[in-house]
Amino acid sequence: MDMDKLVALCRRRGFIFQSSEIYGGINGFWDYGPLGVELKNNIKAAWWNDMVRNPPLGPDGQEIEMVGVDCALIMNPKVWVASGHAAGFADPMVACKTEGCKKLYRADKVFLVDLSPATPGGAGVAVGVEANSEAEAQTLALDVAKKFKKKHASDATSALAMPLTSIANSAAGIQGALCPNCQKNSLTPPRAFNLMFESHAGAIQSEENKVFLRPETAQGIFVNFKNVLDSTRLKLPFGIAQVGKSFRNEINPRNYTFRSREFEQMEIEFFCRPNESRMWYEFWRDVRKKWYSELGIKSSNLRPREQGPEELAHYSVGTTDIEYMFPFSDEPQELEGVAHRGDFDLNAHMKLSGKDLAYFDEEGWNAFLQEKLEPYKDDKKRREEEKKKLDKEERPKYAFVPHVVEPSAGADRFTLAVLCEAYAEDTVGGEARTVMRFHPRLAPVKAAILPLVNKEGMPEKAHALYRELKQDWNVFYDDGGAVGRRYRRQDEIGTPYCITIDGQTLQDNTVTIRERDSTEQRRIPMATVADEIRKALKPQR
RNA sequence: GCGGGUGUAGCUCAGUGGUAGAGCGCCACGUUGCCAACGUGGCUGUCGUGGGUUCGAGCCCCAUCACCCGCUCCA
């Protein structure tokens, strides 16, 4: 599939426009047009319906409890300190200025081997090495120093590696750092790359009122964990869901809408007992992959991939990326991350806020109490004493911080995947056509109502049907040009059904219903059209 | 952030310094009898943006923006 053709279609038919296009656009931001907003809304509605309102049954057949929230984009900046984003999202970077090299490194991954002892006169020169840790750098240091010994004569036994970030206040008097790649003295000083968008709450800009646009929706859920618990009578396990915009200052937005700086997430934080967390992690990983398949993503294009330990996020003890083979890449790209976050977030917020976010297991505690007090049921005084004792000694064991499984899906990324997956070219009666094979649930327009010709009462009949159907769905009325052309127009925007009102309709109130993918037509009573559409839109499970 | 490429009508593209074009699409009227029909008429452009050279710039020069490819980055 040719990405350019899809991009052209999306623009031509009003799925996706470049943001602020008349001003030359803006890198990393996109707008959804009339059809795009329908498609994306359908995707979000399908997700909310299938995951929140009517989630699948749990691993042992029980109902799953799910509720939603809709949190502010801007939160107290301390949220991002607790979550680790304030520190981890501002990686200092260094670049090499030499023509033909121009490598860019994370500053904390570059270490300097001080060559001063190996250099005549002790001139301050150090060479950079790339390593993941200071220990790793140290093992490389001697080799590097030996290599340089040839050039700089004397002895290299005392080579030391130190983090590049310490170069500014180094006592060694190092005047330059050689690029690990081209070994020229042209590394820039470390510069901050802050990946969070900043703003100010209040009209006066100052350091005190600096705020951040959220880089993920998850933290709104965590900070409201206690509120939800206290207002709903939910018991573990349960999930809290949120759909909303997030913002990341991506260094280099690329690949159409795939890596945008403003994007929408569909996230669940599923809270469970620590000893059941692996089970729920595997459950959600499988549920989420199945969901994509149900909505028409071919399984050959879907790749669940367990992340290796080295690429895990700072909070995660296990993550599966559900990836999709986009046409713009040879490698599958992430649609969703299903992460086992352990108790990282709730603990972090407990620590920084000083608020108790532990869950108290009432059921377990009551069962335990009942069992322990059973022998004293006829001795009220003894019973009270025992209860006090147990309260003091045993009760705290029933309070714990839940573990969390987080299926975090990209609404825009899935929208893009749906567009890629749907795009097809085939031939009908020897003529080429372009057809978007959307799942009916996701199709922006569910049906087109077409009078075969504009006379003999056909438009009136067609209008009546149109008015009936549009009460429930986005349907489209088209009386322009030959019917074949109208069919093709609907194919191109992925409308699953075309309903044609013809001469026979006037006789017996039947219409033809044309199926998009096969182009086959059936004749059905006009009164059953709504049922036909409804049937196609029912989630299959 | 670096290097390379691209930018002309809604789309695909032609236009090598001298009056901005074609096909498709779109709109109107007529026609219409199930898969991009036909006839007639019509709309469509700050030639990505800003500056410069020139009597004159879509075309040459500089800058800038956006998109594509590669590098880099992506908790």
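Chain letters run A, B, ... following the sequence lines, proteins first and then strands; every chain starts at 1. Note that these values count all heavy atoms, side chains included, but never hydrogens, waters or copies made by symmetry.
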Ring centres under 6.0 angstrom apart ([X], [Y]):
| X | Y | value |
| --- | --- | --- |
| A:F271 | A:H403 | no |
| A:F258 | A:F326 | yes |
| A:W30 | A:Y256 | yes |

Contact under 4.0 Å: A:N249 side-chain N or O vs B:C73 OP1/OP2: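 For B:C73, OP1/OP2 do not have a side-chain N/O of A:N249 under 4.0 Å.
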
OP1 or OP2 of B:C68 versus the side-chain N and O atoms of A:N255: is any pair under 4.0 Å?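 No, because none of the side-chain N or O atoms of A:N255 sits under 4.0 Å from OP1 or OP2 of B:C68.
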
Salt-bridge present (A:E515, A:R522; N to O < 4.0 Å): no

Take atom [atom1] of [X] and atom [atom2] of [N], then tell me their distance rounded to the nearest Å.
| X | N | atom1 | atom2 | result |
| --- | --- | --- | --- | --- |
| A:R13 | B:C26 | CZ | C1' | 11 Å |
| A:F247 | B:C74 | CZ | P | 22 Å |
| A:N27 | B:C74 | CG | P | 18 Å |
| A:F263 | B:C74 | CZ | P | 15 Å |
| A:Q333 | B:C73 | CD | C1' | 13 Å |
| A:F15 | B:G10 | CZ | C1' | 16 Å |
| A:R261 | B:C73 | CZ | C1' | 12 Å |
| A:F258 | B:C73 | CZ | C1' | 13 Å |

Which base sits across from [N] as a Watson-Crick or G-U pair, both distances under 3.5 Å?
| N | result |
| --- | --- |
| B:G33 | none |
| B:A28 | B:U40 |
| B:C47 | none |
| B:U12 | B:A22 |
| B:G58 | none |
| B:U6 | B:A66 |

Compare the minimum distances between each of B:C73, B:G10, B:A66 and the side chain of A:R259, then state the nucleotide with the smallest one.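 Minimum distance to the A:R259 side chain belongs to B:C73.
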
Considering only side-chain heavy atoms of A:Q18, which listed nucleotide, B:C11, B:C69, B:C67, is closest?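 Minimum distance to the A:Q18 side chain belongs to B:C67.
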
A:E334 or A:Y256: which one's nearest nucleotide on RNA chain B is closer to the 5' end?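 Its nearest nucleotide lies further toward 5', so the answer is A:Y256.
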
Atom [atom1], compared across [N] and [M]: separation rounded to whole Å:
| N | M | atom1 | answer |
| --- | --- | --- | --- |
| B:C26 | B:C11 | C1' | 11 Å |
| B:U6 | B:C47 | C1' | 14 Å |
| B:A22 | B:U8 | C1' | 13 Å |
| B:A9 | B:G50 | P | 16 Å |
| B:U16 | B:C59 | C1' | 6 Å |
| B:G15 | B:G58 | C1' | 8 Å |
| B:A63 | B:C55 | C1' | 26 Å |
| B:G42 | B:G23 | P | 14 Å |

Under a 3.5 Å cutoff, is there a donor and acceptor pairing between the side chains of [X] and [Y]?
| X | Y | value |
| --- | --- | --- |
| A:R11 | A:Q18 | no |
| A:R523 | A:T512 | no |
| A:Y497 | A:Q490 | no |
| A:Q219 | A:H349 | yes |
| A:T319 | A:H340 | no |

Salt bridge (Lys or Arg N to Asp or Glu O under 4.0 Å) partners of residues 449-463 of chain A, not counting sequence neighbours, each pair once: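 Non-adjacent pairs meeting salt bridge (Lys or Arg N to Asp or Glu O under 4.0 Å): zero.
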
Once side chain to side chain donor-acceptor pair (under 3.5 Å) is applied, what residue pairs with a partner in residues 412-425 of chain A remain, sequence neighbours excluded?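 For residues 412-425 of chain A, and leaving out neighbouring residues, the side chain to side chain donor-acceptor pair (under 3.5 Å) pairs sorted by first residue read A:K5-A:E425, A:Y32-A:D412, A:K40-A:D412, A:K298-A:E421, A:N301-A:E421, A:Y324-A:E421, A:Y423-A:E425.
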
Show me the protein contacts with nucleotides 4-9 of chain B, counting only N or O atoms at under 3.5 Å.
none

Generate the contact string for nucleotides 30-38 of chain B. Rules: B means base contact, S means sugar-phosphate contact only, - means no protein heavy atom under 4.0 Å. --BBBBBB-

Mind checking A:G28 for me? I need base, sugar-phosphate or nothing, with any heavy atom below 4.0 Å counting as a touch.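 If one applies the 4.0 Å heavy-atom cut-off, A:G28 turns out to touch the sugar-phosphate alone, with no base involved.
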
Would a distance-only check, ignoring hydrogens and angles, find a side-chain to backbone donor-acceptor pair under 3.5 Å from A:R261 to A:N27? yes

Listing time: all N or O pairs from protein to nucleotides 39-44 of chain B that are below 3.5 Å?
none

Got A:T500 and A:Y487 here, is their nearest side-chain heavy-atom distance under 4.5 Å? yes

Mind checking ring-ring contact (aromatic ring centres under 6.0 Å, His included) for A:W280 and listing every partner two or more places apart, or none if nothing turns up?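 In terms of ring-ring contact (aromatic ring centres under 6.0 Å, His included), with neighbours along the sequence ignored, A:W280 is linked to A:F270, A:F283.
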
